Amino acid sequence: MGKRVALVLAGCGVFDGSEIHEASAALVHLSRGGAEVKIFAPNIEQRDVVNHLKGTPTEEKRNVLVESARLARGNIQDLAELKASEFDAVIFPGGFGVAKNLCSWAVDGKNCTVNEHVNSTLQAFHSAKKPIGLCCISPVLAAKVFPGCEVTVGQDKNVDGRFPDAETASAIAELGCKHICKNVNESHVDKANKIVTTCAFMCKAPLHEIFDGIGTMVQEVLKLA
């Protein structure tokens with residue numbers, strides 16, 4: 001019987017929601033792993049809406065759940081309805097929506113607050129000793145909620161210009177967590193906390209390498225489940 005996995009989205013689009021390639025990669029690897037997936041997102045207003053052609057904010061107002069439904073092909077539920085008891089694992093793709101909508105990292109960095117339903121979801125899976133998978137910027141959620149945990153967002157130095165957001169590793173360390181340096185096609189498993197992380201688009205890498213890295217994260221999550 002396949003594992004039951006909840007996938008939590010933060011909107012639709014790299015600059016103000018979930019990173020579409022990461023969400024799709026996670027879904028493909030979960031499908032290949034025989035998992036039964038249900039998709040969730042918080043029913044809240046986005047922090048901002050970005051014109052992805054120009055890369056600039058607009059005056060629009062959009063809802064995170066409604067926008068996430070685009071990625072879920074309409075088959076999605078309010079995050080408030082997620083019950084950890086009904087799943088074996090949870091996975092959070094990345095994208096700036098994680099740092100804007102699921103928490104306030106984009107504005108407040110390590111002093112951020114985490115959305116109440118995101119926080120309760122993470123706490124519920126952790127308390128039940130069920131694995132949590134996170135990629136790209138979403139490992140900061142674990143770093144904020146679980147002091148002392150181990151995560152990766154890639155490298156802690158901007159190696160060859162491929163890791164422009166390497167300072168995120170330092171902020172994670174300042175939260176009392178351990179940052180583990182990994183390449184884009186690798187993931188890190190915090191066995192004590194059952195947290196699996198991979199850097200994805202925190203690294204400037206070819207899409208297939210990001211896809212492969214997310215694959216290792218999904219595989220490790222399914223193993224732990």
Side-chain angles (χ1 to χ4, degrees), residues 3-14 16-31 33 35-47 62-106 112-128 130-146 149 151 187 193-198 200-201 214 217-218 220-222 224-225:
K3 302 299 182 182
R4 301 163 300 169
V5 180
L7 187 83
V8 180
L9 298 179
C12 182
V14 59
D16 57 15
S18 287
E19 211 296 318
I20 295 171
H21 297 298
E22 291 179 15
S24 296
L27 287 166
V28 169
H29 287 295
L30 285 166
S31 176
E36 176 189 339
V37 181
K38 289 190 178 180
I39 305 175
F40 298 84
N43 187 10
I44 57 175
E45 187 175 293
Q46 291 184 189
R47 178 175 288 274
R62 296 193 184 186
N63 178 279
V64 174
L65 179 59
V66 172
E67 289 302 296
S68 298
R70 294 174 180 271
L71 276 170
R73 298 171 60 87
N75 188 9
I76 195 168
Q77 293 174 260
D78 187 337
L79 182 60
E81 299 172 7
L82 194 163
K83 295 181 177 63
S85 60
E86 297 177 355
F87 295 90
D88 300 303
V90 64
I91 289 177
F92 289 76
F96 281 115
V98 171
K100 292 178 176 181
N101 306 324
L102 302 192
C103 70
S104 63
W105 187 277
C112 71
T113 55
V114 178
N115 171 273
E116 61 175 316
H117 295 301
V118 173
N119 184 69
S120 62
T121 295
L122 289 166
Q123 295 283 9
F125 277 86
H126 188 259
S127 296
K130 294 179 177 181
I132 299 167
L134 310 112
C135 64
C136 194
I137 191 62
S138 64
V140 301
L141 296 172
K144 186 66 180 181
V145 176
F146 307 119
C149 72
V151 298
S187 57
N193 290 293
K194 289 194 172 182
I195 295 171
V196 188
T197 51
T198 189
F201 278 102
I214 292 171
M217 181 267 285
V218 170
E220 293 296 342
V221 166
L222 293 178
L224 290 172

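In this chain, numbering begins with 1 at the start of the sequence shown. What you see is a predicted model, and the numbers here were worked out from it, not measured in a lab.
Counting all heavy atoms, side chain and backbone alike, K100 lies closest to A106 at CG-CB, 3.8 Å. Taking all atoms of both residues into account, the shortest heavy-atom contact from G11 to L71 is O-CD1, 3.6 Å. Heavy-atom minimum distance, V64 versus P42: CB-O, 3.5 Å.
Counting only distance, with no hydrogens or angles, the side chain of S127 and the backbone of A124 share no donor-acceptor pair below 3.5 Å. With hydrogens and angles ignored, the 3.5 Å screen pairs a side-chain donor or acceptor of K3 with a backbone N or O of A225. Not a single donor-acceptor pair under 3.5 Å links the side chain of D16 to the backbone N or O of G97. Between the side chain of T197 and the main chain of V151, no donor-acceptor pair closer than 3.5 Å is present. Remark: side-chain polar atoms of S24 are paired, donor with acceptor, to backbone N or O of I20 under 3.5 angstrom.
Between the OG atom of S18 and the CG atom of L7 there is a distance of 7.5 Å, given to the nearest 0.5 Å. Between the CD atom of E22 and the CG atom of L134 there is a distance of 11.0 Å, given to the nearest 0.5 Å. In this structure, CG on N101 lies 12.0 Å from CG on L65, to the nearest 0.5 angstrom. To the nearest 0.5 angstrom, C103 atom SG is 9.5 Å from K144 atom NZ. Distance CZ/F201 to NE2/H21: 5.5 Å, rounded to 0.5 Å. Here the straight-line distance linking atom NZ of K130 with atom NZ of K194 works out to 10.0 Å at 0.5 Å rounding.
Dense packing is recorded around CD of Q123, with more than 12 heavy atoms of other residues, nucleotides or ligands lying under 6.0 Å away.
Side-chain contact between C136 and E19 is absent, with no heavy-atom pair separated by less than 4.5 Å. Side chains of S104 and R47 form a contact here, defined as non-hydrogen atoms less than 4.5 Å apart.
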Derivation of the side chain to side chain contact (heavy atoms under 4.5 Å, CB included) call for F146 and I132: CA-CA 12 Å; F146 307 119; I132 299 167; 4.0 Å; yes
Working for side-chain hydrogen bond (donor to acceptor under 3.5 Å, both in side chains), residues N43 and N63: CA-CA 7 Å; N43 187 10; N63 178 279; 2.9 Å; yes
Evaluation steps, side chain to side chain contact (heavy atoms under 4.5 Å, CB included), between N115 and N119: CA-CA 6 Å; N115 171 273; N119 184 69; over 6 Å; no
Worked check of side chain to side chain contact (heavy atoms under 4.5 Å, CB included) between I137 and W105: CA-CA 9 Å; I137 191 62; W105 187 277; 4.3 Å; yes
Residues V5, L222; criterion side chain to side chain contact (heavy atoms under 4.5 Å, CB included); working and verdict: CA-CA 9 Å; V5 180; L222 293 178; 4.0 Å; yes
Under 3.5 Å, which donor-acceptor pairs do the side chains of residues 87-94 form with other protein atoms, sequence neighbours left out?
{"unit_1": "D88", "atom_1": "OD1", "unit_2": "R4", "atom_2": "NH2", "d": "3.3"}
{"unit_1": "D88", "atom_1": "OD2", "unit_2": "R4", "atom_2": "N", "d": "2.8"}
{"unit_1": "D88", "atom_1": "OD2", "unit_2": "R4", "atom_2": "NE", "d": "3.4"}

Under 3.5 Å, which donor-acceptor pairs link side chains of residues 74-85 to any protein atom two or more places apart or in another chain?
{"unit_1": "Q77", "atom_1": "NE2", "unit_2": "E81", "atom_2": "OE1", "d": "3.4"}
{"unit_1": "D78", "atom_1": "OD1", "unit_2": "A80", "atom_2": "N", "d": "2.9"}

